[in-house]
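Single-structure report; data block below.
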Amino acid sequence: MVRWPSVARKAHKWLSLIIGVQALFWVVSGLYMTAVHIDIIHGDHLVRTPVAEPISMVGLVDPAVILKTAGGAQSLRLDQQLGQPVYIVSQKEGRSLFDARSGEKLPLIDEAGARQRAEQIYAGDGGVREMELLYEIPGEIRGRPAPIWRVQFEGLWRPTLYIAPQTGELVAKRHDLWRTFDFVWMFHIMDYETRDNVNNLLLKIATWMMVVTSLTGAWLLLYSFRRKRRVRKAAA
Amino acid sequence: MFLIRRLHKWFGLVLGLQFLLWSISGAAMALIDHRKVAGEESIVHSTPSPTPAGVLSLAQVAQAVGQPISQIELRPLQDAWVYAATTPSGVQLVDPVDGRRIVIDDARAKTLAVAAFNGTAPVTSVSRVDKPTLETRDFALPAWRVEFADKEKTTLILNAVTGEVAGAKTNTWRLWDFFWMIHIMDYTDRQSFNHPLIIIIATGCLWLALSGFIMLFSAFRRQDFAYIHDGIEWLQRRR
């Protein structure tokens, strides 16, 4: 005769041995992601909301002129940076910045320009701690074009802004809570390489194993509370 | 160890169902192709036509818009181009050649959606969305919702102000979204995973998992591994 409680216990025990550590990772990472609000993770508190100030069109070069200078433009935008009117032009080969008064293409933003822009955007208290023009894109902003200015600020959880030298725009904001989220997310979806493939084979196997483990646990529950009832019956 | 066992048992009884639901919904989402969920394959990105000759000057755009402007963008909208001017009352589209105002009405939304749809199925419905729905919760509103008659019931969501295709929702997404709701325990909006209920249950499940993990150390006896040991010995002998 098959002793079902023993089968359930054995199945639950052995499955747990295999999946137990990952189950713990799932719960811990899940708890972190729920407990720290996603707006904080995104670093919304690190930057000021830009005030939309009207642009004076007087003395500005027209879009038609910029289009002629920058051949094959895919789009073009008139904006203001540090109080100066600029055109941001998208082309197949990338994006670039034009002076809207002279119509000339501007060189890559230098350290002073990147620092000024970062300080204007940053909403925290501390000042700039370190700046570097990176030619290799770090993992925390994977997929962005190089080179890029990394501006690290003083303050809690190492706040960092990334400024594109091509356009002077803010590309990303990072801090240690984001970095921790990214790290636990890697464990949650078990993609240890690119951290973005939620359909990887390892995850599929592990999650279904977890389903079976949970089910055998539920099965075990059926036997786990029986003894007391019997004792009570016997006492009665 | 007795206490740990009791904790595991009672936490299992109280929280086990949610733990099981997390396992099942997680496993289901791992199976559903995320590219299909994101709707990337439903949208074709047409190569933009060259910029039109004789685009309006800044002064002419400002005159056509008639409001203070904080940003002007000249960009493609499917096979045509538009000026998009950001004003205090929102974005306004202007034809870059004749300066006429462009409004994204239902007919225009339909044309734009058909051009952007990666398929041949006809449109079944075009409707305007002013209040957030499950499908449009992540997009700026108002929006146009254009549904197609393909197998996936692909629905393109277009920004009703700018005409841009904001995203695509398919039956694959709808299925995924159900499991997502179960997973994040936000049964009304399916949006937030930062609410007290999920944090409390997850904290409880941490104890469930932790007590189970601790029990692993005492759950096995030497003889449990005898089979493995025997197997290894057998393999060694064969060599």
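Bear in mind the structure is a predicted one, so any value in this text is a computation, not a measurement. First the proteins, then the strands, lettered A, B, ... as listed; each starts at 1.
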Can you tell which part of [X] gets under 4.5 Å to a heavy atom of chain B, answering side chain, backbone, both or neither?
X       : result
V36(A)  : backbone
A218(A) : neither
L67(A)  : side chain
I88(A)  : neither
V61(A)  : backbone

Any idea how W219(A) and Y223(A) line up, ring-wise: parallel (<30°), tilted (30 to 60°), or perpendicular (>60°)?
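Plane angle between 30° and 60°, so tilted.
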Can you label the angle between the F225(B) ring and the F220(B) ring as parallel, tilted or perpendicular, going by 30° and 60°?
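Geometry flag for F220(B) against F225(B): tilted rings.
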Proximal component of [X], with respect to chain A [non-hydrogen, under 4.5 Å]:
X       : answer
W81(B)  : side chain
M29(B)  : backbone
A85(B)  : neither
L216(B) : side chain
F193(B) : both
T51(B)  : side chain
I201(B) : neither

Does either side chain, that of Q71(B) or that of D79(A), offer a donor lying less than 3.5 Å from an acceptor on the other one?
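Note: Q71(B) and D79(A) side chains meet the donor-acceptor criterion.
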How close do A53(B) and V97(B) get, counting heavy atoms only, and between which atoms?
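The pair with the smallest heavy-atom distance is O-CG2, 4.3 Å.
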Lys/Arg N to Asp/Glu carboxylate O, [X] vs [Y], below 4.0 Å:
X       : Y       : result
R190(B) : E135(B) : no
R179(A) : D176(A) : yes
R117(A) : E169(A) : no
K169(B) : D177(B) : no
D182(A) : R142(A) : yes

Winner by heavy-atom pair count (cut-off under 4.5 Å) against chain A, out of [options]:
options                        : value
T86(B), L58(B), T87(B)         : L58(B)
V61(B), I24(B), D33(B)         : D33(B)
S57(B), G26(B), P96(B), S70(B) : S70(B)
A209(B), A202(B), A27(B)       : A27(B)

If you tally heavy-atom pairs under 4.5 Å against chain B, which of [options] wins?
options                         : answer
M190(A), H188(A), Q74(A), R9(A) : Q74(A)
N197(A), V27(A), T34(A), I55(A) : T34(A)
A206(A), P54(A), S56(A)         : P54(A)
S16(A), G72(A), G217(A), P85(A) : S16(A)

Go through it in stages, so that I can follow the logic: the residues are W26(A) and F19(B), the test is ring pair (Phe, Tyr, Trp, His ring centres under 6.0 Å), and I'd like the CA-CA distance, side-chain angles, deciding distance and then a yes or no.
CA-CA 11 Å; W26(A) 270 324; F19(B) 200 91; 8.8 Å; no
Go through the steps for H45(A) and H175(A) under the test ring pair (Phe, Tyr, Trp, His ring centres under 6.0 Å), then give the verdict.
CA-CA 11 Å; H45(A) 60 289; H175(A) 57 131; 5.2 Å; yes
Dump the intermediate steps for salt bridge (charged side-chain N to carboxylate O under 4.0 Å, His left out) on R101(A) and D99(A), then the final yes or no.
CA-CA 6 Å; R101(A) 287 221 175 85; D99(A) 186 324; 5.9 Å; no
